[in-house]
Amino acid sequence: MRRLLLATLLAAALAAGDAVPLVQLRAADGPDLQQAWERSLYGQLWQDPAFAELRRQVLDAARQTSAETGVDPWQLIREQRGLTLQVLPGREPKKFRVLSQVDLGAQAKAVFARIASPPQSPPKQRVAVPGADEAVRHDEAVTARFGNVLVVAINEGARRLPSAPATAALAIDIDAPAILAHLAAIAPPAQQADIRRAAAQLQPFLGRLSYRGDLVSEGVRERITSDQPLPGAIAVDRALLARLPTNTLLLLASGIDGREYWRVASESLLTMLDVALHKEQPQGLEATRREVDQLLAARGVQGGLQALVEGLRGTALIALTPAAPFPALTLALPRSPQLDALVAAALAQAPGNKLPPPGKSGLVRLPDVELPAPLQLVHGRTHWVFTTDALLAMGWESGRAGGFADSAAARAAYGAAAAEACIIGVSDTPQVLRTLHGFLGMLLMLGAMDPETQQAVAQALLRTAELAQPGYLVAANTAQGAVIEARGLLGTGLIPVLLAGSVFAITSDRAEKLPIDKPPTLEAPKP
């Protein structure tokens with residue numbers, strides 16, 4: 001009975017011309033974002049005197065915007081509800097359809113008026129939309145107001161979307177394979193080859209993705225799930241990570257099964273190399289493979305690219321550790337006969353290099369690369385280790401624990417990581433910020449920063465360091481695909497930064513009237 005019902009509903013949807021969105025975005029309601037903001041590190045920093053100048057600039061900009069447009073951005077953030085955006089396949093060739101809506105409360109009329117009659121531009125064409133109070137058209141876009149709800153439709157009839165609660169502060173669902181297939185279908189013939197190459201590069205990595213981002217005490221918590229497993233991924237060897245020192249600043253480690261990676265993603269890798277080597281005129285996968293194999297053979301690598309990739313099995317890592325005058329960088333790669341030959345060939349390019357004996361380390365130079373500290377190479381039993389951390393080089397091959405596993409940053413990451421985690425990233429965020437603080441004097445001496453700005457930035461960095469907590473990034477393959485989780489000051493990067501920026505100054509109606517040297521008091525929006 002249930003299957004019959006689902007089939008009937010699906011048939012009805014198809015008959016109505018609806019389609020599953022290629023992309024769907026939902027945001028939490030303003031009051032929920034406000035509460036999460038106030039509890040988060042961002043909310044604490046916003047109220048801190050160290051950020052007084054930034055707060056003043058933002059509030060001044062808001063006052064100016066409100067005076068010029070009649071729209072109060074703070075009230076807009078507080079009152080928005082049901083923010084939804086959908087990108088759908090086009091019913092016409094070469095076109096996507098876009099539908100978005102948001103309830104803006106008492107601000108809806110003012111926002112619509114601004115859209116309908118933009119300054120220094122002719123008013124938009126008024127059109128009739130069933131059920132809407134008013135609507136305007138501009139090219140392929142229609143903006144309609146249904147009471148307090150604004151709807152924007154592109155290449156689609158304006159209509160209300162079904163309301164649904166947001167499952168996170170920011171929830172995004174992306175059907176990446178469907179997007180690439182639709183792009184290939186609607187693209188001009190001259191661009192289809194480029195799209196097919198892009199699809200081949202991305203195919204092993206992109207499936208149907210689900211992103212959920214929330215504001216938490218540390219800043220951002222993100223969870224990304226995919227129905228596509230990470231290719232060639234195996235569990236990270238945590239005993240290898242344990243050799244790092246307790247005060248490691250940053251770490252990213254990945255477990256690699258090169259044989260499985262080549263089986264799943266060799267076409268993607270060759271496509272990327274083809275594009276990189278032949279930007280103007282790609283030569284094809286087989287021609288690119290022969291070219292790369294010849295380059296590797298000239299450097300003593302037997303078996304070509306396939307043997308080089310398949311020989312990689314183990315844990316690779318890149319880490320940043322404290323050192324003077326600059327933090328030290330460490331890169332560890334699992335050994336194989338092919339990588340051994342490649343390392344030896346690379347060292348031979350710079351005069352005076354000698355390969356350290358097995359189990360030992362020695363100073364080396366990389367051709368055409370200038371580093372701020374001497375580079376050492378550890379000829380390990382299982383790994384080649386390039387590092388500018390002399391202490392780490394001395395103790396690496398002993399296999400003794402360096403204290404990393406007992407650090408607060410490692411404990412946070414290991415607590416979130418599954419036993420089979422194939423990626424483990426760690427950030428000792430408080431210490432990273434203090435390290436950045438140490439370079440401000442150098443920027444001042446170089447003239448890249450004036451004293452007043454330096455003092456403001458220094459106070460902001462130190463205050464953020466006091467409130468910050470260690471962050472992590474972990475990933476693991478599952479029976480359903482892959483799961484990636486990040487938690488920390490910025491999470492994985494761009495999306496949380498945009499999210500934080502969009503809600504970063506949620507304040508009460510009185511906030512902008514407070515003296516700048518006093519933290520604003522946040523209040524819940526009035527009904």
Test item: Ser66 side-chain N/O and Ala62 main-chain N/O as donor-acceptor pair under 3.5 Å: no
Heavy-atom pair with the smallest gap, counting every atom of Ala393 and Ser361: O-OG, 4.0 Å
Where Leu76 and Gln107 come nearest, the two heavy atoms and their spacing: N-NE2, 3.5 Å
Minimum-distance pair of heavy atoms, taken over all atoms of Ala405 and Arg411: O-CG, 4.0 Å
Any donor-acceptor pair under 3.5 Å from Asn148 side chain to Asp103 backbone: no
Shortest non-hydrogen contact between Gly362 and Pro356, atoms and distance: N-CG, 3.7 Å
Straight-line distance of Lys354 NZ to Leu363 CG, nearest 0.5 Å: 12.5 Å
Check: Leu85 and Val87 side chains under 4.5 Å, non-hydrogen atoms: yes
Distance (rounded to the nearest 0.5 Å) between Ser40 OG and Trp46 CH2: 12.5 Å
Side chain proximity check, Leu473 to Ile484, heavy atoms < 4.5 angstrom: yes
Closest contact, heavy atoms only, Leu392 versus Arg243: CD1-O, 3.8 Å
Rounded distance (nearest 0.5 Å) linking atom CZ of Phe112 with atom OG of Ser117: 8.5 Å
Distance in Å, Leu41 CG paired with Glu466 CD, rounded so as to fall on 0.5 Å steps: 11.0 Å
Residue that, paired with Leu375, satisfies side-chain contact (heavy atoms from CB on, under 4.5 Å) out of Leu329, Thr387, Val364: Val364
Leu240 and Trp396, any side-chain heavy atoms less than 4.5 Å apart: yes
Check: Leu209 main-chain N/O paired with Asp227 side-chain donor or acceptor under 3.5 Å: no
Check against side-chain contact (heavy atoms from CB on, under 4.5 Å), His379 and Arg335: CA-CA 9 Å; His379 189 163; Arg335 287 186 55 189; 3.4 Å; yes
CZ (Arg208) with more than 12 external heavy atoms under 6.0 Å: no
Flag side-chain contact, heavy atom, 4.5 Å: Asp428 against Asn247: no
Side chains of Thr382 and Glu397 in contact at under 4.5 Å (non-hydrogen atoms): no
Side-chain heavy-atom pair Thr248, Leu241 within 4.5 angstrom cut-off: no
Main-chain N/O of Ala50 paired with Asp48 side-chain donor or acceptor, under 3.5 Å: yes
Atom CZ of Arg223: over 12 foreign heavy atoms under 6.0 Å: no
Test side-chain contact (heavy atoms from CB on, under 4.5 Å) applied to Glu218 and Thr429, step by step: CA-CA 10 Å; Glu218 301 97 316; Thr429 306; over 6 Å; no
Inter-residue atom distance Ile77.CD1 - Asp29.CG, 0.5 Å rounding: 13.5 Å
Steps toward side-chain contact (heavy atoms from CB on, under 4.5 Å) verdict (Arg313, Ile234): CA-CA 9 Å; Arg313 182 175 175 84; Ile234 58 176; 4.1 Å; yes
For Arg365 against Ala350, the heavy-atom pair lying closest together: O-CB, 3.6 Å
Parallel, tilted or perpendicular: ring planes of Phe205 versus Tyr261, cut at 30 and 60 degrees: tilted
4.5 Å side-chain heavy-atom contact, Glu420 and Asn477: no
Leu490 side chain near Val220 side chain, heavy-atom distance below 4.5 Å: no
side-chain contact (heavy atoms from CB on, under 4.5 Å) between Ile115 and Val152, intermediate numbers included: CA-CA 11 Å; Ile115 295 172; Val152 178; 5.6 Å; no
Spatial distance of atom CD (Gln24) from atom CZ (Arg26) [nearest 0.5 Å]: 4.5 Å
Donor-acceptor pair, side chain of Gln75 and main chain of Leu104, under 3.5 angstrom: no
